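Note that the coordinates shown come from a computational prediction; the quantities given were computed from them, not determined experimentally. Convention: sequence-line order gives letters A, B, ...; per-chain numbering from 1.
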2 protein chains.
Amino acid sequence: MTDFNPNASLPAPSIPGDALPPVEQHAQQYATVRNAHETELIEDYVELIGDLLAHRGEARAADIANRMAVSQATVSKMIRRLNELELVTSKPYRSLFLTEAGQKMAETSRARHDIVLHFLRALGVRDATARIDAEGMEHHVSDETLAIMQRFTEQQQKS
Amino acid sequence: MTDFNPNASLPAPSIPGDALPPVEQHAQQYATVRNAHETELIEDYVELIGDLLAHRGEARAADIANRMAVSQATVSKMIRRLNELELVTSKPYRSLFLTEAGQKMAETSRARHDIVLHFLRALGVRDATARIDAEGMEHHVSDETLAIMQRFTEQQQKS
DNA sequence: CAAACAGTTTAGCCTTGGCTAACAATATTG
DNA sequence: CAATATTGTTAGCCAAGGCTAAACTGTTTG
Ligand SMILES: [Mn+2]
Ligand SMILES: [Mn+2]
Ligand SMILES: [Mn+2]
Ligand SMILES: [Mn+2]
């Protein structure tokens, strides 16, 4: 308390909206987001490599660069990281492949991504918009919410 | 095409899930996410400062550090950035305040955040989970989806 | 009113994820 | 099969967003 504040301890002015959450809970919100940001790019790479392998039979660095709209140098550097994390195997000038761990991550990410995408479409969001939103949202959806989204989509499809 | 691929041009194996989107559309997805990531931390700071001002009458760097679970040094550096962006005004060792532009951003972010949070609760997500998910999702929800979320929540409340 | 405490800033370090430019390897094609 | 085009790598740059340690300022209290 440094600045003079005329309303410091009055009954309660016209506070709009919800109150602030308790400090620990609030901190948890931000920490969870920071955490998601550490892994989401990795997940997107692995998921994309999995998709390219499934749909095209091979995953080349140039395809990734084009699909992500990023320079080839950026992809090359990222592949080195994925290698160090033992998520992909790569021989220079050859297609990438996923390790066991990489395949597992790709499947999990793809499943999560699809649930979010299908949910948004079931909600009534146009396909192109749903795809864009899902690409970002997928990394910030808890398992609890994911389960609810899936149920919602199934309900929707029955009717 | 470098690696030998026995299925290269066969009818179409057992491709699971959706096909890959066209390259340009796919690239747009990732680009939009990268874009959101550039502004989201700024938005969270401004939104939090606005909330602290509204609910506490002042916004101190130490409060922000506690609520974000981040070091005071990190906050201090960020405040310099917010100052350069002319979103906040600050005098050394005094409470922060929002500029006009800062207030506008705070309101927009808060409104968006609330719509997402209330939507998740309306869907049936538990409050604590909804708060965590909303903190991340809010930055990746298009205006189109936001409008649909808002309508959904209102419908829910009528019934 | 001096000392202790709490809050703030600065300096310097690190990792991530972008970029461009230059170079190297492979693939395609006249 | 040589020239060209495509693809991949490396080096070196940058900004953002974390951190710790140390210095400084303002507030509270003995
Ligand atoms: Mn994805
Ligand atoms: Mn994604
Ligand atoms: Mn947020
Ligand atoms: Mn927010």
Side-chain angles (χ1 to χ4, degrees), chain A residues 1-5 8 23 27 30-46 48-49 52 56 58-85 87-97 136 139, chain B residues 1-5 8 23 27 30-46 48-49 52 56 58-85 87-97 136 139:
Chain A
M1 286 285 180
T2 299
D3 287 350
F4 174 67
N5 172 7
V23 178
Y30 296 113
T32 303
V33 172
R34 280 196 300 273
N35 223 53
H37 285 165
E38 276 179 25
T39 51
E40 67 176 85
L41 191 57
I42 299 283
E43 285 171 13
D44 281 343
Y45 267 85
V46 169
L48 176 55
I49 291 167
L52 287 170
R56 294 268 193 281
E58 62 173 13
R60 314 292 308 225
D63 300 346
I64 299 174
N66 285 330
R67 291 213 165 249
M68 291 210 170
V70 125
S71 77
Q72 292 195 347
T74 295
V75 172
S76 195
K77 200 199 274 193
M78 198 63 179
I79 289 171
R80 198 165 42 215
R81 250 194 96 200
L82 296 175
N83 244 303
E84 282 158 13
L85 294 171
L87 292 166
V88 311
T89 59
S90 66
K91 279 179 263 188
Y93 298 95
R94 291 288 177 278
S95 172
L96 300 167
F97 293 98
H139 311 282
Chain B
M1 283 283 181
T2 300
D3 287 348
F4 175 67
N5 173 6
V23 179
Y30 296 112
T32 303
V33 172
R34 281 196 299 272
N35 223 53
H37 285 163
E38 276 178 26
T39 50
E40 68 176 86
L41 190 56
I42 300 283
E43 285 171 13
D44 281 343
Y45 267 86
V46 168
L48 176 55
I49 292 168
L52 288 169
R56 295 268 194 281
E58 62 172 14
R60 314 293 308 221
D63 300 346
I64 298 173
N66 285 331
R67 292 211 165 249
M68 292 211 170
V70 126
S71 76
Q72 292 196 345
T74 295
V75 172
S76 195
K77 199 200 275 194
M78 198 64 180
I79 289 169
R80 198 166 42 217
R81 250 194 97 198
L82 297 175
N83 243 302
E84 282 158 13
L85 294 172
L87 292 166
V88 311
T89 59
S90 65
K91 279 179 262 188
Y93 300 94
R94 291 288 177 276
S95 172
L96 300 168
F97 294 98
H139 310 282

> Are any of the side-chain heavy atoms of A/L96 and A/T89 separated by less than 4.5 Å?
Replying inline: no

> Does B/R60 put a side-chain nitrogen or oxygen below 4.0 Å from OP1 or OP2 of C/dA6?
Replying inline: no

>> Using 0.5 Å steps for rounding, measure from the CG atom of B/L87 to the CD atom of B/E43.
In response: 10.0 Å

>> Quick check: closest heavy atoms across A/Y30 and B/R67, and the distance to 0.1 Å?
In response: CD1-O, 3.3 Å

>> D/dA15, OP1 or OP2 - any side-chain N/O from B/R81 closer than 4.0 Å?
In response: no

> Of B/H37 and A/K91, whose closest DNA chain D nucleotide lies nearer the 5' terminus?
Replying inline: A/K91

> Rounded to whole angstrom units, what separation is found between the CZ atom of B/R80 and the P atom of C/dG12?
Replying inline: 12 Å

> Which nucleotide in the list C/dG17, C/dG7, C/dT9 gets nearest to the side chain of B/P92?
Replying inline: C/dT9

> In residues 38-46 of chain A, which residues come under 4.0 Å of DNA chain C by heavy atom?
Replying inline: A/L41

> Quick one: A/H139 NE2 to C/dG17 P, roughly how many Å, whole number?
Replying inline: 12 Å

> side chain to side chain contact (heavy atoms under 4.5 Å, CB included) with A/A69: which residues, sequence neighbours excluded?
Replying inline: B/A27, B/R34

>> Given D/dT7, D/dC24, C/dG17, identify the nucleotide with an atom nearest to the side chain of A/A62.
In response: D/dT7

> Can you tell me how far NZ of B/K91 sits from CZ of B/F97, rounded to the nearest 0.5 angstrom?
Replying inline: 8.0 Å

> Please give, in whole Å, the distance from D/dG17 C1' to B/I64 CD1?
Replying inline: 15 Å

> For A/L96 and D/dT9, what is the distance between atoms CG and P respectively, to the nearest whole Å?
Replying inline: 8 Å

> For A/S71, which residues count as a side chain to side chain contact (heavy atoms under 4.5 Å, CB included) partner, sequence neighbours excluded?
Replying inline: A/A73, A/T74

Can you list, pair by pair, the side-chain donor-acceptor contacts under 3.5 Å of residues 75-83 of chain A, counting residues two or more places apart and other chains?
{"from": "A/N83", "atom 1": "ND2", "to": "A/S90", "atom 2": "OG", "distance (Å)": "2.6"}

> In whole angstrom, what separates A/I79's CD1 from D/dT7's C1'?
Replying inline: 11 Å

> Between A/E58 (CD) and D/dG8 (C1'), how many Å, whole number?
Replying inline: 14 Å

>> Could you tell me how far apart A/N83 (CG) and D/dG8 (P) are, to the nearest whole angstrom?
In response: 14 Å

Might you list the N or O atoms of the protein lying below 3.5 Å from N or O atoms in nucleotides 19-23 of chain C, with each pair's distance?
{"from": "C/dC19", "atom 1": "OP2", "to": "A/S71", "atom 2": "N", "distance (Å)": "3.0"}
{"from": "C/dC19", "atom 1": "OP2", "to": "A/S71", "atom 2": "OG", "distance (Å)": "3.3"}
{"from": "C/dC19", "atom 1": "OP2", "to": "A/T74", "atom 2": "OG1", "distance (Å)": "2.8"}

> With sequence neighbours excluded, what pairs up with B/D44 under the side-chain hydrogen bond (donor to acceptor under 3.5 Å, both in side chains) test?
Replying inline: B/H139

> Quick one: CE on A/M68 to CD1 on A/I64, what's the gap to the nearest 0.5 Å?
Replying inline: 6.5 Å

>> How many whole angstroms separate atom OH of A/Y93 from atom P of C/dA24?
In response: 10 Å

